[in-house]
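Before any comments, here is the structure.
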Amino acid sequence: QVHPVESGGGLVQAGGSLRLSCAASGRTFSNYHMAWFHQGPGKERQFVTAINWSGTITYYEVSVKGRFTISRDNAKNTVYLQMNSLKPEDTGVYYCAAVQWGSWRSIFDDWGQGTQVTVSS
């Protein structure tokens, strides 16, 4: 089981940056591929980016490619999301989860509280 606790969100102007963190409990954290999801206001939660268990492979949705960077530190059981060149449409709650590679489906039905990101224009 991997239980995520997200942090690092906040209010930022368009063009600014934020770094999100996801501290995941569970002794087998390093066994899992991890991903970040975004839920915009009034919208469903959507996949954004993923990193494989060892941190050697990443995947990004087109909307964030070149602006966001996912990374992980298995020694700290933590996944990060560096968000640069933020746009108002990036506003929403960000969640992390352990996922199946390729389908991006969450393995555990255990979503954290997420962290709110608000980008002002």
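Values below: all heavy atoms of this structure, side chains included; hydrogens, waters and symmetry mates excluded. Bear in mind the structure is a predicted one, so any value in this text is a computation, not a measurement.
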Student check: side-chain heavy atoms of [X] and [Y] closer than 4.5 Å:
{"X": "His38", "Y": "Lys43", "answer": "no"}
{"X": "Phe47", "Y": "Glu61", "answer": "yes"}
{"X": "Asp73", "Y": "Tyr80", "answer": "yes"}

Could you give all pairs that pass the disulfide (SG to SG under 2.5 Å) test and reach [range], with sequence neighbours left out?
{"range": "residues 41-73", "value": "none"}
{"range": "residues 52-90", "value": "none"}
{"range": "residues 20-103", "value": "Cys22-Cys96"}

Q.
Is it the case that over 12 heavy atoms from other parts of the model lie below 6.0 angstrom from the CD atom of Gln46?
A.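 Counting other residues, nucleotides and ligands, CD of Gln46 stays at 12 neighbours or fewer.
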Q: Could you walk me through whether Thr91 and Glu89 pass side-chain contact (heavy atoms from CB on, under 4.5 Å), step by step?
A: CA-CA 5 Å; Thr91 292; Glu89 51 264 43; over 6 Å; no
(Q) For Lys76, is there any backbone N or O sitting under 3.5 Å from a side-chain donor or acceptor partner on Thr78? (A)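 Present.
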Q) For the side chain of Arg105 and the backbone of Gln100, is there at least one donor-acceptor N/O pair under 3.5 Å apart? A)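 The answer is no, because no donor-acceptor pair under 3.5 Å joins these two groups.
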Hey, could you give me the [atom1]/[atom2] distance between [X] and [Y], rounded to the nearest 0.5 Å?
{"X": "Thr49", "Y": "Gln82", "atom1": "OG1", "atom2": "CD", "value": "12.5 Å"}
{"X": "Thr69", "Y": "Arg67", "atom1": "OG1", "atom2": "CZ", "value": "11.0 Å"}
{"X": "Arg72", "Y": "Ser30", "atom1": "CZ", "atom2": "OG", "value": "7.0 Å"}
{"X": "Trp104", "Y": "Ser106", "atom1": "CH2", "atom2": "OG", "value": "13.5 Å"}

Q. Quick one: side-chain hydrogen bond (donor to acceptor under 3.5 Å, both in side chains) pairs with a partner in residues 5-24, sequence neighbours left out?
A.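 The answer is Ser17-Asn84.
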(Q) If hydrophobic residues (ILVMFWY) are linked whenever their side-chain heavy atoms come closer than 4.5 Å, directly or via other members, who joins Val5 in its cluster? (A)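 So far as hydrophobic clustering goes, Val5 is joined with none.
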Q.
Apply the hydrophobic cluster definition, ILVMFWY joined by side-chain contacts under 4.5 Å directly or through others, and give me every member besides Trp36.
A.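 So far as hydrophobic clustering goes, Trp36 is joined with Val2, Val12, Leu18, Leu20, Phe29, Tyr32, Met34, Val48, Ile51, Tyr60, Val64, Phe68, Ile70, Val79, Leu81, Met83, Leu86, Tyr94, Ile107, Phe108, Val117, Val119.
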(Q) Testing the basics here: between Ser121 and Pro88, what is the closest heavy-atom pair and its distance to 0.1 Å? (A)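 The answer is CB-CG, 3.9 Å.
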Q. For Phe37 and Ala97, which heavy atoms make the closest approach, and how far apart are they?
A.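 Residues Phe37 and Ala97, closest heavy atoms: CE1-CB, 4.1 Å.
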Q.
Quick check with a 6.0 Å cut-off and a 45 degree axis cone: is Arg45 positioned over the face of Trp111's six-membered ring?
A.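 Judged by the rule (NZ or CZ under 6.0 Å from the ring centre, within 45° of its axis), Arg45 counts as positioned above Trp111.
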Q) Side chains of His33 and Asn52: donor-acceptor distance under 3.5 Å anywhere? A)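 Checked: His33/Asn52 side chains show no N/O donor-acceptor pair below 3.5 Å.
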